[in-house]
S.K.: 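I have a structure here, written as structure tokens, and I will follow up with some questions on it.
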Protein chains: 2
Amino acid sequence: MEDVIRSLGFLCLGSRLKRIGEQLQADTQRVLDRLDVPVQSSQYPLLAALDRLGALPVGELAQALGIAQPGVTRSVALLAELGLVEVSQSNNDQRRRIVSLTRNGRRLVDVAKRDVWPRIEKAVADLCADLSGPLLDQLAAIEDGLAAAPIDRRVEKAGAVVQ
Amino acid sequence: MEDVIRSLGFLCLGSRLKRIGEQLQADTQRVLDRLDVPVQSSQYPLLAALDRLGALPVGELAQALGIAQPGVTRSVALLAELGLVEVSQSNNDQRRRIVSLTRNGRRLVDVAKRDVWPRIEKAVADLCADLSGPLLDQLAAIEDGLAAAPIDRRVEKAGAVVQ
DNA sequence: CATTGTTATATATCATGTTATTGTTTCGTG
DNA sequence: CACGAAACAATAACATGATATATAACAATG
């Protein structure tokens, strides 16, 4: 069966990038599922942003993540429910709500930074290591690579080597 | 403000691809909004699949588009509501529901193929034309290019030249 | 200093992807 | 041929992106 999105080339580049991105996230989710972490893979960028930049108001967090503000509001509510972030009022401006990592959130990020993220990053980097040439060719190579061995399988192998 | 997704490189490649894909689709949507077409940009791949491959059952359509079957069921219901596709029972297998373009759907695809898709494809191709090198660099160039001039502005210009 | 505009966030609604489940129909086999 | 397994599509429930709008706090000005 012909892959229409791939055949259409630049015309459907948006759909194709979304599709690859979703697959990568789903693969990564399977890695996380094997650990005991109650967080979706898509929430990690927010945690990583707080780790890199420190406590931030909602709007700046949205800017740092490149997504719209309501998405951040929702993610923050979810992560606050899980006890990983907390929200405090700004002193000088009562409108701003400053988001920061809780002690548990800090611990989760530290563990992830040490044990999980490097493996995922390495698996994705390996997947993309030998790519060169035009963008569409590189995307096709990524799709083929993921079909041959999804990220979670690549992490397994890398894990075995690292340990 | 630092772009955390970009900074994190391969670790958040999935989020980043999704983000770029969504932006491309939103830009394309703005092109379509200026025409009179009542169809979301994300529905065009389905129409294009029927155009390229002819009438197809739901499952094969899902395979051709690389998305899950329930997504196709929903899109087909939506496009059928708009009168662009229709569904008929298969003769030999009562389980299969064959999706095909209606006369209106056929006309829409023909117009799009002639007047719209070539411009969008050209605008996206131009955006990606001079890219080379590692994937992450190419993605950064695309992000910068879209920030400088989104697809709908590029289509305008291309349209002016072509006409 | 009251009113008016702006900014920051929350909420509502929609779009579109996912997985899990259910109900039919078909197939294969004892 | 009957019955259990498999295949196909629909539905339910959820995730996560978007835009539009409402609300509250701040700022600026006549």
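Each chain gets a letter, A, B and so on, in the order the sequences are listed, and its residues count up from 1. As a basis for the values below, the full set of heavy atoms in this structure was taken, side chains included, without hydrogen atoms, waters or symmetry mates.
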S.K.: Please list residues of residues 11-29 of chain B whose heavy atoms come under 4.0 Å from any atom in DNA chain C, ordered by number; otherwise none.
M.R.: none
S.K.: What's the CG-P distance between A/Leu82 and D/dA15, to the nearest Å?
M.R.: 11 Å
S.K.: Under 4.0 Å, heavy atoms only, any strand: does A/Gly71 hit a base, just the sugar-phosphate, or nothing?
M.R.: nothing
S.K.: Please evaluate residues A/Asp51 and A/Lys113 with respect to the criterion side-chain contact (heavy atoms from CB on, under 4.5 Å), reporting the C-alpha separation (whole Å), side-chain torsions for both, the decisive distance (0.1 Å), and the verdict.
M.R.: CA-CA 10 Å; A/Asp51 174 55; A/Lys113 263 163 69 172; 3.1 Å; yes
S.K.: Taking the nucleotide of DNA chain C with the closest heavy atom to each, which residue, A/Gly59 or B/Ala68, is nearer the 5' end?
M.R.: A/Gly59
S.K.: Using whole Å, report how far CG of B/Leu56 lies from P of D/dC8.
M.R.: 13 Å
S.K.: For the side chain of B/Pro70, counting heavy atoms from C-beta on, which of D/dA9, C/dT11, C/dT18 is nearest?
M.R.: C/dT18
S.K.: Rounded to the Å, how far apart are B/Leu65 CG and C/dT18 P?
M.R.: 10 Å
S.K.: Using atom CG of B/Leu78 as one end and atom P of C/dG17 as the other, report the distance to the nearest whole Å.
M.R.: 11 Å
S.K.: Apply side chain to side chain donor-acceptor pair (under 3.5 Å) to the pair B/Ser132 and B/Gln138, showing each step before the final yes or no.
M.R.: CA-CA 6 Å; B/Ser132 66; B/Gln138 295 202 24; 5.8 Å; no
S.K.: Return a single string for nucleotides 23-28 of chain C, one symbol per nucleotide in 5' to 3' order, where B is base contact, S is sugar-phosphate-only contact and - is none, cutoff 4.0 angstrom on heavy atoms.
M.R.: --BS--
S.K.: Can you measure B/Ile67 atom CD1 to C/dA15 atom P for me and round it to whole angstrom units?
M.R.: 16 Å
S.K.: Main chain of B/Ser41, side chain of B/Gln29: is a donor-acceptor contact present, judged purely on distance under 3.5 Å?
M.R.: yes
S.K.: Hey, are B/Ser90 and B/Gln94 close enough side-chain-wise for a donor-acceptor pair under 3.5 Å?
M.R.: no
S.K.: State whether the side chain of B/Thr102 and the backbone N or O of B/Leu84 hold a donor-acceptor pair below 3.5 Å, judged by distance alone.
M.R.: yes
S.K.: Thinking salt bridges, do B/Arg119 and B/Asp152 make one under a 4.0 Å N-O criterion?
M.R.: no
S.K.: What integer distance in Å separates A/Leu46:CG from D/dA15:C1'?
M.R.: 15 Å
S.K.: Name the closest nucleotide to the B/Gln69 side chain, picking from C/dT18, D/dA20, D/dA9.
M.R.: D/dA9
S.K.: Checking contacts here: which listed nucleotide (C/dA15, D/dA15, C/dG17) is nearest the side-chain heavy atoms of A/Gln40?
M.R.: D/dA15
S.K.: Could you tell me how far apart A/Asp33 (CG) and C/dT18 (C1') are, to the nearest whole angstrom?
M.R.: 13 Å
S.K.: B/Ile98 has an atom CD1; how far is it from atom P of D/dA7, in whole Å?
M.R.: 18 Å
S.K.: State plainly whether the residues A/Arg107 and A/Asp110 are in salt-bridge range, i.e. N to O under 4.0 Å.
M.R.: no
S.K.: What pairs with B/Asp144 under salt bridge (charged side-chain N to carboxylate O under 4.0 Å, His left out), at least two apart in sequence or on another chain?
M.R.: B/Arg6
S.K.: Which nucleotide, D/dA9, C/dG17, D/dA18, lies nearest any side-chain atom of B/Arg74?
M.R.: C/dG17
S.K.: State, to 0.1 Å, how close A/Cys128 and B/Leu135 come at their nearest heavy-atom pair, and which atoms those are.
M.R.: SG-CD2, 4.0 Å
